[in-house]
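By convention in this document, chain letters (A, B, ...) are assigned in the order of the sequence lines, proteins followed by strands, and residues within each chain are numbered from 1.
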2 protein chains.
Amino acid sequence: MRTRDENKVDLIYQKAIEMIVKEGLDGFGVNKLAKAAGVSPATIYIYYKDREDLIMQVTLRATNHMMEESMRDFDPEMSFEEGMKVQWRNRAKYFLEYPLETEFIEKMRYSRHYDKVFEQLHKIFKETMGRFHHNALNRKELLKLPFEVFWSVAFAPLYQLIKFHTQEGSWGHKKYTFSDESMQQTLSLVLKALKP
Amino acid sequence: MRTRDENKVDLIYQKAIEMIVKEGLDGFGVNKLAKAAGVSPATIYIYYKDREDLIMQVTLRATNHMMEESMRDFDPEMSFEEGMKVQWRNRAKYFLEYPLETEFIEKMRYSRHYDKVFEQLHKIFKETMGRFHHNALNRKELLKLPFEVFWSVAFAPLYQLIKFHTQEGSWGHKKYTFSDESMQQTLSLVLKALKP
DNA sequence: AAGATAAGTGAGCGTTCGCTCTTTTATGGA
DNA sequence: TCCATAAAAGAGCGAACGCTCACTTATCTT
């Protein structure tokens with residue numbers, strides 16, 4: 001039998017992300033994607049059941065990738081400060097290396113597909129981060145807080161910084177540029193907030 | 001001449017938000033909206049130039065409303081802590097009173113329409129908040145930080161809390177519920193981070 | 001009461017959409 | 001070498017899309 005062309009799959013993946021970031025979920029069409037990737041519409045339906053399935057699978061793949069990168073060299077047994085530094089560094093690195101995927105994931109987080117896609121990912125994820133949270137509490141390196149409050153203070157500022165960086169300069173004349181320096185600065189504020 | 005039925009405009013506004021929150025920007029159609037609002041498609045084009053213009057205007061109206069509510073009783077000459085409390089209280093109140101609009105605005109913030117719509121709003125907004133930021137710095141009630149870093153730490157956690165509240169319980173078995181208590185708790189962490 | 005005017009309608013236009021059918025092409029195993 | 005098989009293509013289906021036109025309806029002014 002004829003062998004599957006994996007380049008084609010990757011091209012579809014890449015173009016789909018590109019198109020959704022540029023034109024949004026509306027404005028994203030299967031025929032358009034086929035043309036952009038230089039394949040027949042029918043080919044896309046070999047890999048994906050339908051439009052919905054395509055969006056889901058692409059989102060799942062991108063998110064999985066980001067999660068893996070975020071968790072590199074991370075161990076929930078680490079000290080609170082050490083663990084936070086690793087996570088922030090990893091996320092920032094991923095964002096700088098894969099800006100398109102980052103923007104795509106952020107878009108999808110606010111789409112109606114979020115719940116289904118992220119549910120299974122977060123099962124494993126929350127287990128690890130839950131352990132990390134638990135350990136930090138036990139060692140009294142972290143204030144006693146509900147997990148969601150902890151999370152909101154610990155990571156939301158980083159994502160907002162990334163958003164500032166990504167978006168056009170609507171907030172002033174000179175655009176904000178994400179840097180290791182301002183990341184470190186923000187992280188130190190967050191640690192100050194969360195440590196007893 | 002026949003008088004304009006303002007109820008009809010408001011109904012279109014309300015149904016559009018409902019539909020976009022439920023089905024996303026894809027899945028939102030003019031014909032569908034017309035049916036949902038019980039008007040003719042042609043009627044919609046009396047008020048709006050085209051689909052894009054409709055999305056823009058609805059987003060603009062919703063965001064304007066949120067901004068007004070956020071700024072109620074706020075004065076950039078307030079002390080830093082007082083100002084932060086007012087802003088957090090106002091935003092939380094708006095969110096609890098208008099959960100649909102809140103979800104809609106958050107969705108739109110991550111759509112491709114964001115830049116155009118929010119640009120003009122943020123001009124006034126950033127002026128006021130810039131003054132507030134500036135005053136707090138002068139009075140040494142706030143650490144010396146770039147505006148974006150300040151903003152990320154000051155408000156992103158609140159929006160993340162709201163997102164936790166809104167979304168389904170993917171993060172665990174028991175769903176997080178936003179409350180005045182956890183808002184106060186989170187705000188106190190944020191103030192701790194930002195004060196010298 | 002009647003005319004002027006803008007609000008509002010319903011049918012339907014051309015186009016694009018998601019998707020499939022039939023056919024062709026490439027490759028592994030016999 | 002050639003057959004079996006799955007990949008891939010291209011044309012095009014019905015449905016839904018954004019949008020418009022010819023027309024009716026309600027309300028103001030006089």
Side-chain angles (χ1 to χ4, degrees), chain A residues 1-62 104 107-108 111-114 116-117, chain B residues 1-61 104 107-108 111-113 116-117:
Chain A
M1 65 173 185
R2 187 169 172 179
T3 48
R4 198 187 183 103
D5 186 349
E6 291 298 335
N7 291 349
K8 214 155 269 180
V9 191
D10 289 346
L11 196 66
I12 292 171
Y13 171 77
Q14 203 58 47
K15 288 286 173 191
I17 287 178
E18 236 169 76
M19 193 175 292
I20 291 174
V21 166
K22 272 188 203 156
E23 309 182 47
L25 267 175
D26 62 329
F28 166 78
V30 180
N31 289 351
K32 244 193 255 180
L33 173 62
K35 191 156 279 182
V39 301
S40 162
T43 304
I44 288 174
Y45 287 92
I46 296 169
Y47 301 108
Y48 306 101
K49 191 176 137 280
D50 53 27
R51 190 189 115 110
E52 205 70 2
D53 181 55
L54 188 151
I55 293 170
M56 290 288 189
Q57 279 190 231
V58 169
T59 309
L60 209 60
R61 178 170 159 184
F104 172 72
K107 254 202 161 81
M108 295 314 293
S111 85
R112 94 199 113 87
H113 307 81
Y114 179 82
K116 286 178 193 170
V117 171
Chain B
M1 65 173 181
R2 187 169 173 178
T3 47
R4 200 186 181 100
D5 186 348
E6 292 297 335
N7 290 349
K8 213 156 269 181
V9 191
D10 289 346
L11 196 65
I12 292 171
Y13 171 77
Q14 203 58 47
K15 288 285 174 190
I17 287 178
E18 237 170 75
M19 194 175 290
I20 291 174
V21 166
K22 271 189 203 155
E23 309 182 47
L25 268 175
D26 62 329
F28 166 79
V30 181
N31 288 352
K32 242 193 258 180
L33 173 62
K35 190 155 281 183
V39 300
S40 162
T43 305
I44 289 174
Y45 287 92
I46 296 170
Y47 302 109
Y48 306 102
K49 192 177 136 278
D50 52 27
R51 191 189 112 110
E52 204 70 1
D53 180 55
L54 187 153
I55 294 170
M56 291 287 191
Q57 279 190 231
V58 170
T59 309
L60 209 61
R61 178 171 160 184
F104 172 71
K107 254 203 162 81
M108 295 313 293
S111 85
R112 93 199 115 86
H113 308 82
K116 286 178 194 170
V117 171

Review point. Across the strands shown, which category fits A:Tyr48 at heavy-atom distances under 4.0 angstrom: base, sugar-phosphate, nothing?
Key: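 No contact at all - A:Tyr48 keeps every heavy atom at 4.0 Å or more from the nucleic acid.
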Check: [Y] main-chain N/O paired with [X] side-chain donor or acceptor under 3.5 Å:
{"X": "A:Thr59", "Y": "A:Ile55", "result": "yes"}
{"X": "B:Lys8", "Y": "B:Val39", "result": "no"}
{"X": "A:Lys107", "Y": "A:Gly24", "result": "no"}

Return the value, rounded to whole Å, for the distance between atom [atom1] of [X] and atom [atom2] of [N].
{"X": "A:Lys49", "N": "C:dG18", "atom1": "NZ", "atom2": "C1'", "value": "12 Å"}
{"X": "B:Leu54", "N": "D:dC19", "atom1": "CG", "atom2": "P", "value": "10 Å"}
{"X": "A:Arg51", "N": "D:dA16", "atom1": "CZ", "atom2": "P", "value": "15 Å"}
{"X": "A:Lys32", "N": "C:dT16", "atom1": "NZ", "atom2": "P", "value": "10 Å"}
{"X": "B:Asp50", "N": "C:dT15", "atom1": "CG", "atom2": "P", "value": "18 Å"}
{"X": "B:Phe28", "N": "D:dA16", "atom1": "CZ", "atom2": "P", "value": "17 Å"}
{"X": "B:Ile44", "N": "D:dC21", "atom1": "CD1", "atom2": "P", "value": "17 Å"}
{"X": "B:Tyr45", "N": "D:dG18", "atom1": "OH", "atom2": "P", "value": "6 Å"}

Revision key, fill the gap. Its contact letters, B for base, S for sugar-phosphate only and - for none at protein heavy atoms under 4.0 Å, make nucleotides 6-15 of chain D read BBBBB-----
Check your understanding: For B:Glu52 and B:Lys116, what are the C-alpha separation, side-chain angles and deciding distance, and is it a salt bridge (Lys or Arg N to Asp or Glu O under 4.0 Å)?
Key -> CA-CA 12 Å; B:Glu52 204 70 1; B:Lys116 286 178 194 170; 5.8 Å; no
Check your understanding: Does B:Gln57 reach the side chain of B:Tyr13, with side-chain heavy atoms less than 4.5 Å apart?
Key ->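 No, side chains not in contact.
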**Study point:** A:Lys15 and A:Asp10 ion-paired at < 4.0 Å
**Key:**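 No, this pair does not count.
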